[in-house]
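The first residue of the sequence shown is numbered 1, and numbering continues consecutively from there. As a basis for the values below, the full set of heavy atoms in this structure was taken, side chains included, without hydrogen atoms, waters or symmetry mates. Just so you know, ligand 1 is whichever comes first in the structure, and atom 1 is the first atom listed for that ligand.
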Amino acid sequence: MLTPQIIAVIGAGPAGLAAAESLSSDGFDVVVYDQMPSPARKFLMAGRSGLNLTHSEDLEKFLSRYGLAKSWLAPMIRTFSPQALQQWAEALGQPCFTGSSGRVFPKAMKASPLLRAWLARLQTRKAGFALRHRWAGWDDNGSLLFETPQGVVRVAASATVLALGGASWPRLGSDGDWTHFLPPESLTPLQPANCGFTTDLPAAFHEQFQGEVLHSVMISGAGYSARGDVTITRRSIEGAPVYRLSAPWREVLHREGRLKITLDFRPNSTEEELRARLEGFRQRESQSGKLRRLGLSPAARWLLREFTAVDARAPVLAHNIKACPLDLTAPDSLLRAISTAGGVKVEALDDGLMLRHRPGVFVAGEMLDWEAPTGGYLLQACFATGRHAAEGVKNWLRQQA
Ligand SMILES: Cc1cc2nc3c(=O)[nH]c(=O)nc-3n(C[C@H](O)[C@H](O)[C@H](O)COP(=O)(O)OP(=O)(O)OC[C@H]3O[C@@H](n4cnc5c(N)ncnc54)[C@H](O)[C@@H]3O)c2cc1C
């Protein structure tokens with residue numbers, strides 16, 4: 001079966017929906033395809049932790065979060081800026097607030113009301129939806145191929161936006177399978193970003209302490225430091241400060257196979273202050289007793305006991321509390337990462353995000369080769385590239401007319 005010509009947006013995540021919104025509001029016939037039975041499942045999952053839409057910091061600082069990709073993402077984010085994203089959410093009836101860290105959230109602290117209002121508006125603009133449609137490349141005539149419960153469907157689109165996401169949390173729909181349909185030379189391998197890291201600690205440690213949070217620790221390694229809550233999982237350590245350092249740490253581990261980091265369990269105290277407090281405790285008290293009196297958690301005490309000299313003298317203990325060593329062995333699985341690095345190379349695209357080797361096919365969102373820390377930078381770039389790809393489609397169709 002061949003459907004009449006429409007613009008196909010494949011992927012109903014924030015990037016695809018942003019592209020569909022821009023196109024349908026200019027009167028184009030758009031159909032959004034997705035392999036899942038309902039749209040934007042990862043966006044809804046992001047809502048479980050409050051939906052950090054964007055960040056309020058100065059735009060130059062904001063743009064610097066994209067590292068090397070800043071040079072090509074910046075014009076797109078300047079066009080659809082953090083303020084524009086906030087206004088967009090507010091126009092959909094979801095007022096936002098800025099948290100003490102500068103992160104911007106909808107007041108509802110979830111994604112479902114925003115998504116509901118967004119989908120309703122898309123439907124009034126006549127954007128169509130075809131769910132349970134798994135994109136499986138092109139046929140020999142250049143028509144899009146979809147696997148559906150009713151069999152294979154072919155679509156001859158006038159233009160296509162691919163917004164298929166990365167490869168983390170595949171049960172939410174983005175499984176990275178699209179890499180099979182694009183030439184390998186146009187892709188950087190997909191890798192975990194904002195991810196945890198496996199350690200060389202014995203399995204017994206992870207079993208005993210999984211779920212325990214090391215509160216407000218400073219972690220340092222490869223010349224970078226970050227502070228916050230670190231969670232112990234069944235095989236790794238994760239949490240906001242680990243995610244923040246994941247890009248440089250991933251590179252070091254890729255090169256060297258191992259990375260030594262240190263944990264500072266008391267970043268608010270200097271070594272001298274800790275030493276003075278420890279000297280106030282009874283001389284003959286055990287190391288473990290002293291650590292307990294300092295309020296260190298069972299997992300922190302275990303690490304200090306196993307990896308530092310068993311020496312309860314105040315100077316030694318104070319030093320170890322400030323710099324407990326830990327070896328990381330690898331980034332944790334891409335399947336568990338918050339986002340994906342790698343993807344379609346910018347060199348494979350023109351200024352409108354159109355694939356050079358496939359005129360009329362545009363790419364947006366996390367499937368592009370950029371990465372950023374958590375903090376609202378991920379969604380911001382997905383929205384901005386989705387809208388930019390839609391502009392690319394409009395310009396291209398104008399040129400074809
Ligand atoms: C737990 C978690 C929390 C997060 N929290 C935040 C946050 O607070 N702030 C933030 O900025 N970012 C957050 N993110 C990241 C953010 O959700 C993603 O960066 C964003 O959703 C990516 O948008 P996208 O549209 O590019 O791709 P996706 O949202 O992944 O959407 C891609 C869509 O394509 C569909 N698809 C894939 N392959 C096919 C195929 N072959 N055929 C048809 N359809 C297909 C999928 O089903 C999916 O619906 C979070 C991520 C996770 C996992």
Hey, are [Y] and [X] close enough side-chain-wise for a donor-acceptor pair under 3.5 Å?
{"X": "E212", "Y": "S297", "answer": "yes"}
{"X": "H206", "Y": "T199", "answer": "yes"}
{"X": "S22", "Y": "K394", "answer": "yes"}

Return the closest protein heavy atom for [atom] as residue, atom name and distance.
{"atom": "atom 1 (C) of ligand 1", "value": "M45 CG, 3.6 Å"}
{"atom": "atom 29 (O) of ligand 1", "value": "P14 CD, 3.4 Å"}
{"atom": "atom 30 (O) of ligand 1", "value": "S174 OG, 2.9 Å"}
{"atom": "atom 9 (N) of ligand 1", "value": "N52 O, 2.8 Å"}
{"atom": "atom 3 (C) of ligand 1", "value": "A46 CA, 3.7 Å"}
{"atom": "atom 15 (C) of ligand 1", "value": "L378 CD1, 3.8 Å"}
{"atom": "atom 38 (N) of ligand 1", "value": "Q35 NE2, 3.3 Å"}
{"atom": "atom 2 (C) of ligand 1", "value": "I338 CD1, 4.0 Å"}

Short N/O distance, under 3.5 Å, between [X] and ligand 1?
{"X": "E366", "result": "yes"}
{"X": "Y377", "result": "no"}
{"X": "F43", "result": "no"}

Can [X] be said to touch ligand 1, with heavy atoms closer than 4.0 Å?
{"X": "C382", "result": "yes"}
{"X": "D34", "result": "yes"}
{"X": "S168", "result": "no"}

For [X] and [Y], indicate whether the former's side chain and the latter's backbone hold a donor-acceptor pair under 3.5 Å.
{"X": "Q380", "Y": "F80", "result": "yes"}
{"X": "K42", "Y": "S168", "result": "yes"}
{"X": "W178", "Y": "G165", "result": "yes"}

Using the ring-ring contact (aromatic ring centres under 6.0 Å, His included) definition, which of the options Y224, Y243, F197 pairs with W249?
F197
At less than 4.0 angstrom from any non-hydrogen atom of [X], what atoms of ligand 1 do you find?
{"X": "G11", "value": "33 (C), 34 (O), 35 (C)"}
{"X": "G365", "value": "26 (O)"}
{"X": "M36", "value": "47 (O)"}
{"X": "A163", "value": "32 (C), 33 (C), 34 (O)"}
{"X": "G173", "value": "36 (N), 37 (C), 38 (N), 46 (C), 47 (O)"}
{"X": "G165", "value": "26 (O), 27 (O), 30 (O), 32 (C)"}

Is [X] touching ligand 1 with its side chain, its backbone, both, or neither, if touching means heavy atoms under 4.0 Å apart?
{"X": "A15", "result": "both"}
{"X": "H133", "result": "backbone"}
{"X": "W135", "result": "both"}

Using a strict threshold of under 4.0 Å (side-chain N to carboxylate O), is an ion pair present between [Y] and [X]?
{"X": "D175", "Y": "R134", "answer": "yes"}
{"X": "K345", "Y": "E185", "answer": "no"}
{"X": "K126", "Y": "D29", "answer": "no"}
{"X": "R78", "Y": "E60", "answer": "yes"}

Compute the centroid of each ring, for W302 and then for F205, and state whether the two points are separated by less than 6.0 Å.
yes
R358 charged N/C atom sitting above W138 aromatic ring, 6.0 Å / 45°:
yes
F105, Y33, W169: member with heavy atom nearest to atom 53 (C) of ligand 1
W169
What heavy-atom pair brings A12 and V32 nearest, and what distance separates the two atoms?
CB-CG1, 3.7 Å
